[in-house]
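Numbering of ligands and ligand atoms starts at 1, following listing order. We use all heavy atoms of the structure for the numbers below, so side chains are in, but hydrogens, waters and symmetry mates are not.
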Amino acid sequence: MAVLELEGISKHYGAITALTDISLTLQAGEVVGLVGDNGAGKTTLVKIIAGNFHPSEGQIRLNGQPVELHGPKDARSKGIEIVYQDLALADNLTAAANIFLGRELTTLAKTTAQAELPWYKRRKWWQFVLPELLDYQAMYRRSAELFAELKSETRPRDLVRRMSGGQRQAVAIARTRLSNPRIVLMDEPTAAISVRQVTEVLNLIRRLRDQGMAVVLISHRIPDVFAVCDRLLVLRRGRMVANKRVADSSPEEVTGLITGAIESA
Ligand SMILES: Nc1ncnc2c1ncn2[C@@H]1O[C@H](COP(=O)(O)OP(=O)(O)OP(=O)(O)O)[C@@H](O)[C@H]1O
């Protein structure tokens, strides 16, 4: 079954129409590339899926059930994670501290689900006098497991400030894995990193797919889309002009679809 279905999604910002009548489905374990020129509507579409924006029209279904997403936290609780282009990492903290930022494991919150509860809900009544201490060992251990799953050499105790672009991506991706999402949205993960690191990041995306996640990858880099995606969506001026298997397309066709030299495919 499709993990995500969008039907007839449109989005207006006042007089500007950013998206018109977008429909798509995402299956578990597939990587879908979302391409289009600047202003084509890619970010708007991804932010609707991530709960940042409400669509003006249309329906969202998760596992066949119609849903309304009330903000990013709600989307996360429903299994949708997003890795923003700027990654939103705290440079002066370790990899592990970034992964657990805002949901730190403690002596009273031993799992991520518990750590996401407000402090007073983590305690049984007889525990109200207990001090709550951060459990660094547990966070380092879990972070090491997440990096091992992603086959990344990033170390939990390393400072993000000293990391390469590829390692930073690994930290941001490992952070999404904490909540065990079904859908991971990635905004231009290979835009600002070296060629060698691009390979590393594409491998991370393959790992997510192998673990059964559906991944949406916004990218300007057509070679990356062809390297890692199963399917591609092309947006032009807010309309979907192609939704096809990568194996049935070519970089030339995609460039034509983006610029408008090819009407649709
Ligand atoms: N908050 C906003 N208010 C008004 N207009 C907006 C807003 N966000 C985006 N737009 C407009 O909606 C359209 C689609 O923008 P969007 O950022 O989704 O495109 P994009 O394909 O992600 O482009 P880029 O690659 O430049 O990020 C553009 O015309 C943009 O100017």
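Within 4.0 Å of ligand 1, contacts by protein heavy atoms are made from Y13, I16, A18, D37, N38, G39, A40, G41, K42, T43, T44, H220.
When side chains are defined from C-beta on, L235 counts as touching I22, because their heavy atoms get closer than 4.5 Å. Residues L105 and L134 are not in side-chain contact: their nearest non-hydrogen atoms beyond the backbone lie 4.5 Å or more apart.
More than 12 heavy-atom neighbours from other residues, nucleotides or ligands sit within 6.0 angstrom of CZ on R207.
With rounding to the nearest 0.5 angstrom, the CD1 atom of I48 is 7.0 Å from the CD1 atom of I60.
The nearest pair of heavy atoms linking A170 to T154 is CB-OG1, 3.7 Å.
Cation-pi geometry between R157 and Y140 is met: under 6.0 angstrom from the ring centre, within 45 degrees of the axis.
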